[in-house]
Amino acid sequence: MMIKVSVLYPSGAGRFDVDYYLDVHMPLSIARLGPSMRRIEVEIGVAGAAPGLPPAHIAMAHFVCESADAFIAAFMPHAAELQGDMANYTDIEPIIQFSEIRIATPEPA
């Protein structure tokens with residue numbers, strides 16, 4: 001069983017600098033956590049469920065790994081650095097969720 005740790009930033013909840021997040025924070029996160037992760041995905045919200053609606057989340061990061069313990073072991077040595085960098089791109093309190101991946105299709109070759 002794989003675990004996905006999602007970090008969700010709700011739209012309209014405050015300031016969010018997408019360029020800093022993509023160009024600085026996520027490369028830092030990938031450098032620190034990447035070796036322990038099976039996959040890291042970053043999504044930037046572009047639209048809501050109906051035409052003209054904003055996305056529910058301005059950004060989402062997903063870290064896929066073997067277990068919650070594996071994520072915590074990878075994250076904790078870098079927690080102060082990564083959390084300290086958040087003020088550089090947002091004042092939004094992220095929603096963090098650990099999920100079990102139950103169904104996954106293979107990625108195309």
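- Within the 4.5 Å cutoff, side-chain heavy atoms of Ile3 are placed close to those of Val5.
- Contact annotation: the side chain of Val24 never approaches that of Asp19 to less than 4.5 Å [non-hydrogen atoms, C-beta and beyond].
- Relative ring orientation between Tyr21 and Tyr89 is described as tilted, the plane-to-plane angle lying within the 30° to 60° band.
- Taking CD1 from Ile30 and CG from Leu33, the interatomic distance works out to 9.0 Å, rounded to the nearest 0.5 Å.
- Asp17 contributes atom CG, which lies 11.5 Å from atom CG of Asp91 (distance to the nearest 0.5 angstrom).
- Side-chain contact between Ile40 and Met26 is present, with heavy atoms from C-beta onward closer than 4.5 Å.
- Taking the side chain to side chain contact (heavy atoms under 4.5 Å, CB included) definition, one finds that Pro55 meets it with Ser11, sequence neighbours left out.
- Remark: Ala13 pairs with Pro10, Ile92 by the side chain to side chain contact (heavy atoms under 4.5 Å, CB included) rule, at least two apart or across chains.
- Rounded to the nearest 0.5 Å, atoms CG (Leu28) and CG (Asp23) are 13.0 Å apart.
- Listed by chain and number, the residues in a side-chain hydrogen bond (donor to acceptor under 3.5 Å, both in side chains) with Glu93 amount to none (sequence neighbours excluded).
- The side chain to side chain donor-acceptor pair (under 3.5 Å) pairs that include a residue from residues 63-72 are Arg38-Glu66, where partners are two or more places apart or lie in different chains.
- Glu81 pairs by the salt bridge (Lys or Arg N to Asp or Glu O under 4.0 Å) definition with Arg32, not counting sequence neighbours.
- Phe75 is linked by a ring pair (Phe, Tyr, Trp, His ring centres under 6.0 Å) to Phe71, counting only residues two or more places apart in sequence or in another chain.
- Thr90 contributes a side-chain N or O that, together with a main-chain N or O of Arg15, makes up a donor-acceptor pair within less than 3.5 Å.
- For Ser99, the side-chain hydrogen bond (donor to acceptor under 3.5 Å, both in side chains) test picks out Gln97, with sequence neighbours left out.
- Residues passing the salt bridge (Lys or Arg N to Asp or Glu O under 4.0 Å) test with Arg102 are Glu100, sequence neighbours excluded.
- Chaining together hydrophobic side chains whose heavy atoms lie under 4.5 Å apart places Ile95 alongside Leu8, Met60.
- When side chains are defined from C-beta on, Pro94 counts as touching Met86, because their heavy atoms get closer than 4.5 Å.
- Ile103 forms part of no hydrophobic cluster, judged by ILVMFWY side-chain heavy-atom separations under 4.5 Å.
- By the side-chain hydrogen bond (donor to acceptor under 3.5 Å, both in side chains) test, Asp85 is found to be paired with Tyr20, His25, Asn88, residues two or more places apart in sequence or in another chain being considered.
- Under the rule for a side-chain hydrogen bond (donor to acceptor under 3.5 Å, both in side chains), His57 has no partner lying at least two apart in sequence or in another chain.
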